[in-house]
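To keep things clear, I will list the structure first and then write my remarks on it.
Just so it is clear, the values below take in all heavy atoms, side chains as well, and ignore hydrogens, waters and symmetry mates.
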Amino acid sequence: MENRGNDDVEKLKTKFLSVWHNVKYSWALKSKTSFSRNSPVLLLGKCYHFKAEEDDDDHTETGFEAADEDYVMGNVEAFRKDFASRVWLTYREEFPSLPGSTLTSDCGWGCMLRAGQMMLAQALILHFLGREWTWSEALKLQPLDTETWTTTAAKRLVASLEASLQSSHRLSDPGSPAPQAQAQGPAEEADAHLREEYHRTLVSWFGDNPSAPLGLHRLVHLGLALGRQAGDWYGPAVVAHILKKAVEEAMDPGLVGITAYVSQDCTVYNADVVESHKAPRDAQASAGRSDGPPSLQNNQPTSAFTPSDNRAVIILIPVRLGGEKTNPEYFNFAKSILSLEYCIGIIGGKPKQACYFVGFQDDSLIYMDPHYCQSFVDVSSNDFPLQSYHCPSPKKMPFTKMDPSCTVGFYSRSVQDYERISQELSKVLQPSAMEKYPAFTFVQGHGRDYDLSAGLTPEKREWPFIRDPRRTVTTAGDFVLL
């Protein structure tokens, strides 16, 4: 009887917590994000300028959602479409219970997992659709600048109040007609339809159900082996290892041509990455199956320009950019990284509040925020809505508020691609007079040759800056905690 009573108390506590988180994260009043017209905006390697030719020098800032004709001539619409085309993964509620728990929502604790999913989704966009791809419906998204209603659980607490609010909202906001699409030829229509299928399939891999290969349920299940449970805080280094395992063990045929690599001790071992690029024989045999979408790059399947025994590699590098706070000397490093098209972003954020960094302007980071509770979407249906998986409103954060613990991600399509990437990043990582220590390094050989991670527990792996005292190999600048 006592055990049963304890179980009931735990269930009640879980339900109360879930309801509270839904209230906390489902009501939001989003403020507009201001961008300077005089400074370029970098978004995952793409550069945008908001200043039009007839702009006056004394009018330097504008809200992102505004549509003043004097600056639409710049790249504002192109930036909006590019940003809104990135896959947005946020808190969800009312999905099936997570492995090892009774939780049906990740509100309040799953933000780092969601940030990791967004970074992984960007890698898959590069893999299947290319960096130039944008979603055709991106500019039709409604801005998140009005009050949004609570989710199902929270409605039970405020049912009468919400009913009146919803009633007035329906009367006062009849909605605006969608803009008419331009006529397309048969070939363009077919190509757009094909790309939409790839887009939809990609999003479905992140669905909140146990069968989704990259969904929250799968990530939580893999986290159990690393000592993390649903409801725990996941750091960026632990999430990197979880993402690697999820990609490696994904059974969907569409994911057979891609794998992941996580650096050791802030060091990328070239031989390990090259080895990851070489697909095993069983993967080669199944690569020709048509169950999953083929990759598109310049409208050509991947097999048209890469060897059949080659896999793409998602390179994840956990780093620490300072002590208790981010060292300002690393700001230029972060800017340089986010200026590269093969960069898939940075997961980090504020202490205990994760987000996904995708760009910057001046000394502010541009990020996508997972702290927004949305209802469960059944991605098993062929025509599930995609709108809630795309964010129309970017946010900005000063570099000074960035937590020093983060994971940087890159996408490498082939061995030749990796050789170019490692050379370019080595130049970016060259310490200047101000930056004496690089955030990470490239080293020849395999990580196993140095036995760096032998005996490390999952908890110790969370601290990527710990160095093995037995290491004798000299590299171009060891990582030192400043």
Measure the spacing between CD of E196 and CG of L129 and express it to the nearest 0.5 Å. 9.5 Å
Minimum-distance pair of heavy atoms, taken over all atoms of Y411 and A123: CD1-O, 3.9 Å
Report the relative orientation of the aromatic rings in F440 and F333; use parallel for angles under 30°, tilted for 30 to 60°, perpendicular for over 60°. perpendicular
Worked check of ring-ring contact (aromatic ring centres under 6.0 Å, His included) between F35 and F79: CA-CA 12 Å; F35 287 87; F79 171 78; 5.6 Å; yes
Between CD on residue E94 and OG on residue S375, distance to nearest 0.5 Å: 8.0 Å
Distance alone, cut at 3.5 Å: any donor-acceptor contact between the side chains of R92 and S388? yes
Measure from the side-chain N and O atoms of N75 to the backbone N and O of C47, and report whether any donor-acceptor pair falls under 3.5 Å. no
Minimum heavy-atom separation for R320 to S405, with atom names? NH1-CB, 3.4 Å
Quick check: does any side chain N or O of R218 sit under 3.5 Å from a backbone N or O of A250, one acting as donor and the other as acceptor? no
Using a 4.5 Å cut-off on heavy atoms from C-beta on, say whether the side chain of F360 contacts that of F331. no
D417 side chain near R420 side chain, heavy-atom distance below 4.5 Å: yes
For side chain to side chain contact (heavy atoms under 4.5 Å, CB included), just list the numbers for K245 and L226, CA-CA rounded to whole Å, side-chain angles, deciding distance to a tenth of an Å, and then say yes or no. CA-CA 11 Å; K245 202 72 173 171; L226 296 176; over 6 Å; no
Side-chain donor or acceptor of H277 paired with backbone N/O of S414 under 3.5 Å: yes
Can you list the steps and then say if K427 with E424 is a salt bridge (Lys or Arg N to Asp or Glu O under 4.0 Å)? CA-CA 5 Å; K427 293 178 182 177; E424 290 181 3; over 6 Å; no
Where P318 and C266 come nearest, the two heavy atoms and their spacing: O-SG, 3.8 Å
Tell me whether R311 contacts the main-chain N or O of S276 through its side chain, where contact means a donor paired with an acceptor under 3.5 Å. yes
Taking every heavy atom of I347 against every heavy atom of A115, the minimum-distance pair comes out as CG2-O, 3.3 Å
In terms of heavy-atom contacts, M119 and I344 come closest through CG-O, 3.3 Å
Side-chain contact test, heavy atoms from C-beta onward, threshold under 4.5 Å: evaluate it for Y261 versus V247 and give yes or no. no
So do the side chains of V239 and L219 get within less than 4.5 Å of each other, counting heavy atoms only? no
Can you check whether R86's main-chain N or O pairs, donor with acceptor, with H390's side chain at less than 3.5 Å? yes
Closer than 3.5 angstrom, by distance alone: can the side chain of D265 be matched with the main-chain N or O of T267 as a donor-acceptor pair? no
Step by step, would you call L113 with D106 a side chain to side chain contact (heavy atoms under 4.5 Å, CB included)? CA-CA 9 Å; L113 289 173; D106 62 320; over 6 Å; no
Side-chain ion pair, D82 and K46, N-O less than 4.0 Å: no
Can you confirm if the aromatic rings of W133 and Y198 lie within a centre distance of less than 6.0 Å? no
As an exercise, state the distance from CZ of F206 to CG of L214, rounded to the nearest 0.5 Å. 4.5 Å
With no hydrogens and no angle check, just 3.5 Å: does a side-chain donor-acceptor pair link Q361 and S39? no
Y356 side-chain N/O to L89 backbone N/O, donor-acceptor pair under 3.5 Å: no
Does a donor on one side chain sit under 3.5 Å from an acceptor on the other, for D362 and S364? no
Are any side-chain N or O atoms of T326 and backbone N or O atoms of M402, one a donor and one an acceptor, separated by less than 3.5 Å? yes
With a 4.5 Å heavy-atom cut-off, do F410 and L425 have their side chains touching? yes
Side-chain donor-acceptor contact under 3.5 Å, R114 with Q117: yes
Show your reasoning for whether side chain to side chain contact (heavy atoms under 4.5 Å, CB included) applies to V262 and L243. CA-CA 9 Å; V262 179; L243 295 178; over 6 Å; no
When the ring planes of H217 and F95 are compared, do they come out parallel, tilted or perpendicular, using 30° and 60° as the limits? perpendicular
Determine whether Y389 and L202 make a side-chain contact, defined as any pair of heavy atoms from C-beta on separated by less than 4.5 Å. no
Side-chain contact, heavy-atom cut-off 4.5 Å: C111 with C355? no
Just do the side chain to side chain contact (heavy atoms under 4.5 Å, CB included) check on M112 and V238 with the steps written out, would you? CA-CA 10 Å; M112 189 65 77; V238 165; over 6 Å; no
Just by modelled atom types, is the A212 backbone N or O under 3.5 Å from a matching donor or acceptor in the N209 side chain? yes
Distance check, rounded to the nearest 0.5 Å: W233 atom CH2 versus Q353 atom CD? 8.5 Å
Can you give me the closest heavy-atom contact between V273 and V313, atom names plus distance? O-CG2, 4.2 Å
With rounding to the nearest 0.5 Å, note down the distance linking CG in N270 to OH in Y418. 3.5 Å
Option from W205, F384, W135 for which ring-ring contact (aromatic ring centres under 6.0 Å, His included) with H199 holds: W135
Is there a side-chain contact between K335 and F399 in this structure, where contact means two heavy atoms from C-beta onward sitting under 4.5 Å apart? yes
Would you say T407's side chain and L316's backbone share a donor-acceptor pair under 3.5 angstrom? no
Side-chain ion pair, K396 and D363, N-O less than 4.0 Å: no
Please round to the nearest 0.5 Å and tell me the distance separating atom CG of N382 and atom CD of E197. 9.5 Å
